[in-house]
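The next block holds one structure in the form of structure tokens; read it before the comments.
Whatever order the structure lists them in is the order used to number ligands and atoms, beginning at 1.
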Amino acid sequence: MVSLRSFFQGAGALTAAVSAAAVSRVAMAALPEPVMQSKPDTMPPLVPNTGRPYDPVVTLNGWTLPWRMNQGVKEFHLVAEPVVRELAPGMNAHLWGYNGQSPGPTIEVVEGDRVRIFVTNKLPEHTSIHWHGQRLPNGMDGVAGLNQPSIKPGKTFVYEFVARRPGTFMYHPHADEMTQMAMGMMGLWITHPKAKHPLIDEVDRDFCFLLNAFNIDPGAATPKIMTMLDFNLWCWNSRMFPGIDTLNVRKGDKVRIRVGNLTMTNHPIHLHGHEFMVTGTDGGPTSKTSRWPEVTTDVAVGQMRQVEFLADEEGDWAFHCHKSHHTMNAMGHDVPTMIGVDHRGIVKQITKLVPDYMVMGERGMADMGEMEMPLPDNTVPMMTGKGPFGGVEMGGMFSILKVRKDQKPGDYSDPGWYKHPKGEVAFEWTGALPEPARFAAEGGQSMPRQHPNGKTTEVQVRKPTGHSGH
Ligand SMILES: [Cu+2]
């Protein structure tokens, strides 16, 4: 087996070895050596040195699977196997994936390519691979039992088809799907256009990732596979904030981001500071007349969205799922809302019984971000991340688009925090605060109440006025 790191560093040494070997008839019959990846790093774009040329994508916290050309056929080797994936620094999950990682490697081909994928099953149970969104012969569609016998443990199957349609696709098992997808088995597939395409623009940066979710109890490492809705770890490519790499671009770059959803719920993906167009789905490129500007696009379950924008505003722009519970790490949902509850007195009484008792959420939950609460092993805080101005109180599906005028073309490295021009950061008002003025037309309703003399509930509003009362 070949490690991906040595593949990139070896400047195509693998490909050289493989093409030399491909001369012999015996070697031609042999399986391509599977390339493995042991780290969750965002690998540089894999510029094709065999086959037809294309502009490669960058998989966020992922990589593209190298291939070998065999008599005009592009051959890949996927190995389905148990893997250890670092979800974020401090938390490793025991997942199932492909070639050492979850998600598996991205597969990149060109429209019209003849493709052969060897799939070796090193899982304890049978599997198959469905090539989501592809036009292919029915027997290559990968639904175990329906289109093919399942791939038993230890066996290798071969899928062969022509990548007929350019676009953004994915792959995942279609055998004991609930278990295998809950365990992290999935990957991206990009088919690049073979020539200039009227609906597919050339871009300067092309990012892709999958939305996935796990339910792992704090302190545990293996996902609970029976969970249907109450997942607690919301990931992009099996990484969660602060473990998700930033998307680093040069000011003026045309940027494409491809997102696929293999969770059990929808994710409104939101970009700050720019507007984008949805230029494609897993059904193909959208027509020009169907496009309108958005800053959030909902990616429903089993869907893919391809968005494009001009990165023309410098800065560090938040990029995240807009469901606020999806920008949190492991948390309980059955905690009562404590905002405005006056704990004075009660706390004293409770601490007599429970000396470590701590009030949570009396002023909101922001204290959670700063709290140095003892955590079980192998987990990360619910809200975390330290920005240049303090805690960002995020988790899960959150990253940053970094736009810099001095980022070099093709440089994907993190440029550090944005240095704001003088006078362009929100600042504290230190002058006098005027009394609130009441709006003249305040009040009113669309219809009179049915029982005009009914009781009105009195609501007491407690506003924070400093901490002198504590
Ligand atoms: Cu979400």
Side-chain angles (χ1 to χ4, degrees), residues 40 59-62 85 87-88 91 93 95 102-103 132 168 170 172 178 181-188 207-218 223-225 227-247 257-276 278 280-282 294-307 309 317-335 365 368-369 379-385 392-401:
T59 308
L60 213 53
N61 294 103
R85 171 74 168 182
L87 298 183
M91 181 166 190
L95 305 178
S102 158
H132 175 113
T168 305
M170 43 194 178
H172 60 80
M178 182 195 77
M181 292 188 30
M183 288 295 285
M185 298 189 71
M186 54 192 73
L188 284 152
F207 295 97
C208 58
F209 59 92
L210 288 169
L211 307 167
N212 55 352
F214 300 102
N215 185 16
I216 304 178
D217 285 335
K224 290 155 87 173
I225 56 167
T227 300
M228 188 169 126
L229 294 172
D230 210 1
F231 292 85
N232 63 358
L233 302 174
W234 300 100
C235 297
W236 288 359
N237 260 18
S238 302
R239 289 285 278 185
M240 56 198 184
F241 182 79
I244 303 174
D245 279 342
T246 55
L247 295 82
I257 305 176
R258 313 167 189 246
V259 186
N261 181 0
L262 287 175
T263 73
M264 304 279 254
T265 189
N266 63 314
H267 301 280
I269 299 298
H270 176 54
L271 176 63
H272 292 212
H274 296 81
E275 316 82 45
F276 56 70
V278 176
T281 74
D282 27 355
E294 290 271 23
V295 294
T296 304
T297 188
D298 195 29
V299 189
V301 182
Q303 282 188 338
M304 313 201 72
R305 289 290 176 269
Q306 181 184 296
V307 305
F309 59 95
W317 301 104
F319 178 48
H320 59 96
C321 174
H322 216 293
K323 283 187 175 173
S324 51
H325 281 229
H326 293 179
T327 48
M328 293 276 130
N329 292 326
M331 62 186 284
H333 284 105
D334 43 6
V335 178
M365 294 299 272
M368 295 292 292
T379 192
V380 288
M382 179 175 116
M383 300 155 74
T384 184
V392 297
E393 301 162 0
M394 287 281 139
M397 296 175 156
F398 182 92
S399 187
I400 303 159
L401 172 76

Quiz prompt | Geometric class of the His326/Trp234 ring pair [parallel <30°, tilted 30-60°, perpendicular >60°] | solution = parallel

Exercise. With sequence neighbours left out, write down each residue that passes side-chain hydrogen bond (donor to acceptor under 3.5 Å, both in side chains) with His320, or none if nothing qualifies.
Key: His272

Quiz prompt | Partner set under side-chain hydrogen bond (donor to acceptor under 3.5 Å, both in side chains) for Asp282, not counting sequence neighbours | solution = His132

Exercise. Specify whether an N/O/S atom of His326 falls short of 2.8 Å from the Cu ion (ligand 1).
Key: yes

Self-check item: Metal site the Cu ion (ligand 1): N/O/S of Cys321 inside 2.8 Å
Solution: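 Here the distance criterion (N, O or S atom, under 2.8 Å) is met by Cys321, so yes.
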
Quiz prompt | side-chain contact (heavy atoms from CB on, under 4.5 Å) between Val259 and Trp236, worked out | solution = CA-CA 9 Å; Val259 186; Trp236 288 359; over 6 Å; no

Exercise. Would you name the N/O/S atom of His267 that lies closest to the Cu ion (ligand 1)?
Key: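 Distance check against the Cu ion (ligand 1) picks out ND1 in His267.
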
